[in-house]
Amino acid sequence: MTTTSQDDARAARRPIRLFRNPMAKIASIPMILTALVVFVGGTAWTVVYSFTDSRLLPRLNFVGLDQYERLWSTRRWLISIENLAIYGICSLILTLLIGFTLAAMLDRKIRGEAVFRSIFLYPFALSFVVTGLAWQWILNPDFGLQEVVRRMGWEGFTFDPLNNPDIVMFGLLIAGLWQGTGLIMCIMLAGLRGIDEDIWKAAKVDGIGTVKTYVRIIIPMMRPVFITALVLIASGIIKLYDLVVAQTNGGPGIASEVPAKYVINYMFRAQNLGQGFAASTMMLVSVIIILVPWAYLEFGGKKRD
Amino acid sequence: AELEVTHWWTSGGEAAAVAEFADAFNGQTEHTWVDGAIAGSGGTARPIIISRIIGGDPMGATQLNHGRQAEELIEAGLLTDLTDVAEAQNWREVINPPSLLDACTYEGRIYCAPVNIHSAQWIWLSHGAFDAAGLEVPSDWNEFVAAAPTLMENGIVPLAMGQQGWQQNLAFGTITIAVAGIDAWREVSVNRNAEVAAGPEYTAVFEAVADARELARDSNVQDWNLATNMVITGQAGAQIMGDWAQGEFQIAGQVAGEDYTCLPGLGLNEIIDTGGDAFYFPVVEDAEVQAAQLELAELLVSPEVQVSFNLAKGSLPVRGDIDLSTANDCMQKGLEILAAGNVLPSGDMNLSADTQTQIEDLMAEFWSSDLPAAEAQARYVDIIASAD
Amino acid sequence: MSSVSIRNLDLSFGAVDVLKNLNLEIAEGEFLVLLGSSGCGKSTLLNCIAGLIDVSGGQIHISGRNVTWEEPSDRGIGMVFQSYALYPQMTVEGNLSFGLKNQRMPKDQIAQRVARAAEILQIEPLLKRKPGALSGGQRQRVAIGRALVREADVFLFDEPLSNLDAKLRTDLRVELKALHKQLKNTMIYVTHDQVEAMTLADRIAIMRDGKIQQLDTPSVIYGKPRNKYVADFIGSPSMNFFEGDLSAEAGSCVFEGPDFTLPLTSYEFETPQIGRRKAWLGLRPEHIVTGEAAAAADLSADTIVDIVEPMGSDTLVWVNFGGKPIRVRTDGQSDLEPGDTLRIGLQSARASIFDHQSEDRL
Amino acid sequence: MSSVSIRNLDLSFGAVDVLKNLNLEIAEGEFLVLLGSSGCGKSTLLNCIAGLIDVSGGQIHISGRNVTWEEPSDRGIGMVFQSYALYPQMTVEGNLSFGLKNQRMPKDQIAQRVARAAEILQIEPLLKRKPGALSGGQRQRVAIGRALVREADVFLFDEPLSNLDAKLRTDLRVELKALHKQLKNTMIYVTHDQVEAMTLADRIAIMRDGKIQQLDTPSVIYGKPRNKYVADFIGSPSMNFFEGDLSAEAGSCVFEGPDFTLPLTSYEFETPQIGRRKAWLGLRPEHIVTGEAAAAADLSADTIVDIVEPMGSDTLVWVNFGGKPIRVRTDGQSDLEPGDTLRIGLQSARASIFDHQSEDRL
Amino acid sequence: MTDQSVIEPSGSKPSKRFSRGNIILYGTLIVVSMYYLLPLYVMIVTSLKGMPEIRLGNVFAPPIEITFEPWVRAWAEACTGINCDGLSRGFWNSVNILIPSVVLSIAIASVNGYALAHWKFKGSETFFTILIIGAFIPYQTMLYPIVILLREIGLMGDLAGLVLVHTVFGMPILTLLFRNYFTSIPEELFKAARVDGAGFWGIYFRIMLPMALPIFVVAIILQVTGIWNDFLFGVIYTKPETYPMTVQLNNIVNSVQGVKEYNVNMAATLLTGLVPLIIYFISGKLFVRGIAAGAVKG
Ligand SMILES: Nc1ncnc2c1ncn2[C@@H]1O[C@H](COP(=O)(O)OP(=O)(O)OP(=O)(O)O)[C@@H](O)[C@H]1O
Ligand SMILES: Nc1ncnc2c1ncn2[C@@H]1O[C@H](COP(=O)(O)OP(=O)(O)OP(=O)(O)O)[C@@H](O)[C@H]1O
Ligand SMILES: [Mg+2]
Ligand SMILES: [Mg+2]
């Protein structure tokens, strides 16, 4: 054969980068479009219109920060934020706690694991609307839990969270946890299954008790799992809306209002789009505040793989 | 053509009333009524309706509270101009009070068909409850307040109140007109005079509302008709609710004057407002649907349909020229007031939805907390001052 | 007195019997290696000794105490795992001291023990690092350290070196041997690497299917495997086997292979043999001599070279003999080529003969 | 003409340069082994040849064609992976024919090729099974078969045997060698097992940090390593090193170690040496002689035995010499005990001497 | 020392089944299970009672007289507005919406995940990050932009539009799951297929898809749950004839006629939840496996 270095110069030409593996890029177009048009575009649109005085229909009449000023001087918004904070913190902690505890119990090689797992998971199949209704019903003071306990003899028993502004968020929490802990349990269970059994053995030889092993060794090892769970829970909390509407509709009074509901109400009922957009922009900002550290932890820390 | 009609009339009385429309439409025209009921009041339905209209895929007709809600849709050219139908049917003449049509008018053109008159300023009293407590049925708010302690002693909730902002706001409005009187009300609600809102008349109003709040302490239902049901069954002494409550009494087979009593203006100030529902017809391209829209608009205001519909719904017809002798006691009272011209324009037509939402939020909070009357008033004054 | 004594141990997972009536006596200070193919129950046995699996029957004594039902931490054992099983979020120091802290040992005593273990294992500079920042060998050292600080009577190792690369494995193996010499603890070491077994063990227990096949010193196991399984298992490259007949007459024994006959002049039988029986002859590649030595052997033959595998220090030559290719080890300087003729010599003294049926050594 | 020719290959992942201006010519039919420690870039180089990673610079020619930017499937290569990488949902037959089907080869031709590969690899009975139902060795055979059916000019192996156990590895190694003999394809084989490298390779390329340190036949690499890294890397147990001075005068050279002096009477220098310089002396454990031979060596000394590691076929003895423990290989029958005295002999002919600074062979 | 064979075990032999730990463990699990089962129990029990019995007041009491009337009513008779044909009307609509939405959203997300795992290109991670942030945006705030978008591409009011919306909002989480899953498939397999001449789609369909069952199960479960339970998009992007079951459910539950017919509401609620529930119960184990592969690694 001939020498190779010259006549194969054609084959040796470096192809243009953009056209290498074209199928992969074509196949990613839906994703790229979604990311750019829907998420970036939609978000930008929302942010832009939050600086206008749009009412029923979006219109570009800029009013600066007026909407934000009003937003932050509205009691209902402040209460919404406060409620979300209470609900969010409690829900985050309790979901992780309960989810992990249940997973840990199921991980102890018990009989009937599949049955218990299905029981804990099935509420996740039900929508928040259904969840809200079911719990509204159970917590109904006239024929729900409270009444049943009273009939059993504790006349003074009072548990009426849905009509008590001070604890209504906990009424929501009961329902929210019921619906959401199953999935987290599943994730935790999957995480626990991924832990090297030798770690358990090592801890046992070291004479470390079960609880202590979980707290000091297993949980710190499950950081990535906790982060996944955290993201899921947090994204659910921010979106909290359906449950509130179904269970309390913000009541009693405005005691269980949440930001997403504020957004909807101002966009559609009060017909003040600008105000709704300003509120949703604030929600977005808080999402980003949450996400940036997470992204940093997830991607910034380990550049290796 | 099939005409999709969106509305949020899903309670018993309401549904029966809508059926009257649908039957008439199906019976008297070539077209078919496709029912697009969405339960959960305007809050749920409105985003859907508006999204579909601005998304370019509108329904054939839709219920909206008339007033300022639709203005922007009209401006954007999304709603059908009904002026031709209105002129042909002579709506200007027959519709009473004329303010109803004014609310449908934008720059001289008519964009909606009013279907009923609702007034909010009523209190409904349960004969059963007062009998049980051994009391006379009160004839005005003050007597009612005086009777309340006895009711409570008998385990009866004096005032039924659904725990929703709009119901609480409605009670507030009703008490305002009864207690503060029409002039003060007009200054505040129409002219947005914050000084009056801060004045003594309104102080009295807020105190009265605070009293009412105490009377409604033990009422923990959510929906308005569940509250009405408390009155029907005698669990509660009274409810402040609009005239649509009557539909519920009717369905329950109760007779005005025998089983229950209705007092317009709380028996203090016999003035009612003239809000109401109206149908709008989004602009569509299909010519057949367009025709159907116009026919429906015509039908909605036609005398027979007005009678059957309003009898079912318990509201007042929008026409002054029809005979409602079959109407019951309460409706007759309303008609008399209407005939006497003791009407106010509805808040829908005065304050923007935005401002109303804020007031609702305030009321929701006020009714379900121990917020002092003075503080609530102060916040009310702020809202009025910044209303647009 | 034996340090670890296992008596009639039974263990089953559900319906699967993994260990069957197993007996094992390990002397104090002995380095015992459990060797066996994957799945034969080595780890299971170790876990039973550690108390990490509840036995189904039998007893375990450690240092004269019956510990069959004691907690792992009370048995006076330390354990080192193949995957290290270090606590990833703790520093090396934390890893070493965690167990002690848990026993509420005074701080200064902990510090002292950790310091001593770190010194022995030469990991002082690593004490503040986390396991993630250590190399494989360093991690394994820390894992050993964790057993060390417990001052356990018995050390249990479950394939501690098999995750490491060859070079490191050699180094750590030597260190481990030195450590044993220094500490003189009883050590039980699981592996399936025979070089490790041969070099480390005082005695080796060869396991198969939950039973111990042979328990002996490395040289006995290598030189006089009790059965064909052990013979085949031990030694790399592995033993060459020939199927044939053993015919023993008074005073003279011969093995009749496929196309050769080997007089067993200097073979030591376990029990005296009479008559004729089917048998296996086993010969290790390094016990087949070549060159001048071949002539002096009990049997010598010319063979054709098939494959030559130079391995640096020595060369493995595959030659055709007895109807099949057999392995012969020659020295590293060999310049044989496939096709060459090689004279090989078989010596009965170093051969092994097994019964054809029972496969036990004759 | 060379079958695979790599010219000035550069490759970097982001900021990390993994391969740096690498050149490699592989002759047709040659069996080349890439040997190097973990992370040195062996797999990366193989992936570049296969076209699975886009190179940053340089050219790759296969069978005279510049294939630098061609698709992997068009390069005429077959590749075998450490983890087998069999398609788990396809039968063995499906695995073998997948690539051919992708080329739209006629059915009967596919069947023929699959049959032939199956015959060569003796996996005919397995054709209908799925990979999950195969043993490790069988899987690896199928993986090789997948390269075989492609009738590739060049076979690329990325540590194909390292997931197998020692015994199987030996067997497959031999089979692979036989296969190469039969097929005579060019084969590029990545491993970090030196026994594999030594036995399989026509030539070995020792890599370190993305550079080739030495490319030579196994015996040269073993006997005359180009630098200290290669010397240390190759050979197990590894070479003993001594730090010292090389003093060369006309006609006579000596290496002055810590407490010994070795006359380099028969050492072959790469370049003639004059003067005195710091240097390393390397001696393989098997090149340190004992017993009678020690007396005849260039230097002999009495040493104290430190550790004895019997490995069956031979014994590794650690003795103290030159101020530190060194490894000496003796035969398997050794009955030395720690503390014994052993006379050892050092021979300059087989030693290696490296410059202290550059670590290159002198 | 003494004869060892007589030394008693110094630890106590644990009694296997009824150890204290086990009692606590199972006890806790059973109590917690009751909390999880309570609403289901209440819903079922209530749905089998007549209204008079419900008014008696004890939600937890089993029905004295079992009646299936509420179920019949919920399925076929309950009124919303003037239509009195219960949920039955919405069921097939929901199915019609569900199937294309689930299929399309999973198809697209799995291809995305596959491309992100094995065919990374410049910027692909950036788009992915944007997508993930998108998972946090409340749907409602995107309502208007989506409406405008659909109007512009002319899909407003079309079933295709609704499918598109479900695809878009399902994309972030699904893509994440698929990406993580495909990343966990050994890269060598992918390389082997490339050497074998398979292209982007060849590898996807022939190699990756057959291996992705667990993650598909997870994706299907999530999407079926999400889409079946969706109310907002379903009502905005459909017409009354094609309203999904949830709209009917909302109407039944929120149209209060006289008294709340709790039994009918409960029956309707249960009927609506039946489809996802069934899927959950039949796929339990695969779900955990899929989660393990898709959500935990990554
Ligand atoms: N928890 C368990 N349940 C059921 N069977 C088990 C369990 N653990 C181990 N086994 C079985 O017991 C046998 C012995 O396992 P063991 O782990 O002791 O083997 P091993 O000799 O350590 O093997 P390796 O060299 O692979 O580590 C195997 O057949 C295994 O399948
Ligand atoms: N995709 C990648 N991105 C960044 N760095 C990489 C990537 N792949 C490999 N590397 C780095 O390139 C270097 C060479 O890797 P390579 O896999 O070629 O090593 P190797 O010699 O095959 O090692 P081993 O024996 O462990 O397989 C390593 O340092 C590795 O960390
Ligand atoms: Mg094991
Ligand atoms: Mg590699």
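Each chain gets a letter, A, B and so on, in the order the sequences are listed, and its residues count up from 1. Atom set for the values below is all heavy atoms of this structure, side chains included, hydrogens, waters and symmetry mates excluded.
Atom CG in C:L52 sits 9.5 Å away from atom CG in A:D198 (nearest 0.5 Å). How far CZ of A:R216 is from CZ of C:F98: 4.0 Å, rounded to the nearest 0.5 Å. Distance check: A:K201 NZ to C:S43 OG gives 6.5 Å after rounding to the nearest 0.5 Å.
Contact annotation for C:N47: only side-chain heavy atoms (C-beta onward) come within less than 4.5 Å of a heavy atom of chain A. No part of C:L156 comes within reach of chain A, as not one of its non-hydrogen atoms sits under 4.5 angstrom from that chain.
Heavy-atom contacts from other residues, nucleotides or ligands closer than 6.0 Å to CD of C:E124 number more than 12. More than 12 non-hydrogen atoms from other residues, nucleotides or ligands lie less than 6.0 angstrom from CD of C:Q103.
For the pair A:V205 and C:G78, the tightest heavy-atom approach, listed with the atom from each and the gap, is CG1-CA, 4.4 Å. In this structure, C:A85 and A:A202 approach most closely via the heavy-atom pair O-CB, 3.9 Å. Scanning both residues, A:D206 and C:S73, for their nearest heavy atoms gives C-CB, 4.1 Å.
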Go through it in stages, so that I can follow the logic: the residues are C:Y87 and A:I208, the test is side chain to side chain contact (heavy atoms under 4.5 Å, CB included), and I'd like the CA-CA distance, side-chain angles, deciding distance and then a yes or no.
CA-CA 12 Å; C:Y87 312 131; A:I208 299 156; 3.8 Å; yes

